[in-house]
2 protein chains.
Amino acid sequence: MQFTKAEEYGILGVLYLVAKGGTAVTPLSEIAEAREIPEKFLAKIFQSLARFGIVRSYRGVRGGFALTRNPAEITVMAVLEAIQGPYHLLRCIPDPDHCDNTDRCALRDLLMVVEKGLVETFESHTLADLGEWEHAKGVTVI
Amino acid sequence: MQFTKAEEYGILGVLYLVAKGGTAVTPLSEIAEAREIPEKFLAKIFQSLARFGIVRSYRGVRGGFALTRNPAEITVMAVLEAIQGPYHLLRCIPDPDHCDNTDRCALRDLLMVVEKGLVETFESHTLADLGEWEHAKGVTVI
DNA sequence: TCGTTATGCAATTCACGAAAGCAGAAGAAT
DNA sequence: ATTCTTCTGCTTTCGTGAATTGCATAACGA
């Protein structure tokens with residue numbers, strides 16, 4: 001059970017936008033360089049984020065991406081789901097037909113408990129929260 | 001972030017032993033067939049469990065594996081750590097030198113919170129607990 | 001019209017989870 | 001002793017999906 005690079009880069013990317021404050025439109029090249037993320041990979045991730053309305057894209061010179069809402073209104077969970085789709089620890093959780101005795105599986109029950117706690121934590125933290133944590137630690141944009 | 005097959009098989013394997021009750025020595029072939037797990041893969045997993053003292057192995061005719069302790073004394077966490085080693089969502093959590101600004105990373109802080117909750121849940125459930133859940137649902141050994 | 005930036009899809013690389021194979025050791029049964 | 005069973009400890013293979021790259025195209029501003 002490990003956090004994926006896509007998830008990691010996605011969060012770091014939007015946090016960069018938060019750190020820049022307001023609604024500054026920022027090109028991927030800048031984010032990628034500042035946070036040392038492969039640019040094309042980041043592009044893919046931000047396209048997902050754009051589809052889910054987390055960020056908005058602007059083309060052309062001085063284009064880039066910007067948050068669509070106030071960071072306080074965007075939960076970490078929303079970002080993760082935009083990147084990875086619905087979040088589940090086992091295939092049989094969303095799809096009970098995946099194996100033949102989901103209704104008797106204690107492991108599935110336990111993981112549903114674990115997953116619930118996990119989702120609650122991700123939902124109870126917004127990008128603004130994380131931004132403040134970083135700010136308190138003196139993180140700079142570049 | 002997904003539960004691995006090794007983790008899944010490991011838990012299901014020991015739960016099979018729990019369901020058989022007591023300290024019955026059970027060969028891998030039986031467990032593998034009953035729970036539809038690739039036998040050689042299960043062997044690898046149980047070797048780890050044996051090294052960590054979760055189960056004990058017996059060779060020869062009528063050999064196999066048995067739990068070393070009462071299921072109520074074995075937490076799910078113990079089983080998972082035996083299989084996967086120390087549990088971390090990001091490499092930089094156990095190894096702060098993995099990236100160059102772990103001390104300023106809000107994502108790392110958040111994941112440490114998530115991880116804590118996760119570990120607590122796994123530690124607060126024993127194999128006996130899961131065994132009872134299954135029992136209540138009418139799970140049979142074979 | 002030109003340069004910049006995102007878009008969308010295709011292709012590729014790569015790591016690791018997952019699984020299989022095999023020779024050998026240990027042990028029980030007879 | 002011999003034989004059969006079962007674990008042990010490698011080695012190797014396979015497959016999937018993560019991670020990354022590439023390219024042609026579309027949109028947009030200057």
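So you know, we letter chains A, B, ... as the sequences are listed, proteins then strands, and number each from 1.
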Rounded to whole Å, the CZ-C1' distance (B:Arg51 to D:dC7) equals 12 Å
Gap between atoms CG and P, on B:Leu28 and C:dA19 respectively (whole Å) | 15 Å
CG of B:Leu111 to NZ of B:Lys116, rounded to nearest 0.5 Å, is 14.5 Å
Between D:dA19 atom P and A:Ile83 atom CD1, what is the distance in whole Å?
-> 11 Å
Do the charged groups of A:Lys44 and A:Glu39 touch, with an N to O distance under 4.0 Å?
-> no
Side chain to side chain contact (heavy atoms under 4.5 Å, CB included) assessment of B:Asp109 paired with B:Val113 | CA-CA 7 Å; B:Asp109 291 344; B:Val113 171; over 6 Å; no
Nearest-Å distance, CG (B:Leu42) to C1' (D:dC7)?
-> 12 Å
With the 4.5 Å side-chain cut-off for hydrophobic clustering, are A:Val18 and A:Met77 part of the same group?
-> yes
Which residue pairs satisfy the salt bridge (Lys or Arg N to Asp or Glu O under 4.0 Å) criterion with at least one member in residues 57-71 of chain A, sequence neighbours excluded?
-> none
side-chain N/O A:Ser29 vs C:dT5 OP1/OP2, d < 4.0 Å = no
Is B:Ile11 reachable from B:Val119 through a run of I, L, V, M, F, W or Y residues, each pair having side-chain heavy atoms under 4.5 Å apart?
-> yes
Distance, rounded to the nearest Å, where B:Gln47 contributes CD and C:dA26 contributes C1' = 14 Å
Report the relative orientation of the aromatic rings in A:Tyr9 and A:Phe41; use parallel for angles under 30°, tilted for 30 to 60°, perpendicular for over 60°.
-> perpendicular
Nucleotide-resolved protein contact map, nucleotides 20-30 of chain D, B/S/- at heavy-atom distance under 4.0 Å | BBBB--BBBS-
Roughly how many Å is it from CD1 in B:Ile45 to C1' in C:dA20, rounded to a whole number?
-> 14 Å
From B:Glu73 CD over to B:Thr68 OG1, what is the distance, rounded to the nearest 0.5 angstrom?
-> 8.5 Å
With ring centroids as reference points, do B:Phe65 and B:Tyr58 lie under 6.0 angstrom apart?
-> no
Taking only N and O in the side chain of A:Ser57, is any of them less than 4.0 Å away from OP1 or OP2 of C:dT5?
-> no
Between N or O atoms, less than 3.5 Å apart, protein on one side and nucleotides 12-14 of chain C on the other: list the pairs.
none

Could you check whether B:Ala6 gets within reach of a base, just the sugar-phosphate, or nothing at all, counting any heavy atom under 4.0 Å?
-> sugar-phosphate
Which part of the nucleic acid, if any, lies within contact of A:Phe65, taking any heavy atom under 4.0 Å across all strands shown: a base, the sugar-phosphate backbone alone, or nothing?
-> sugar-phosphate
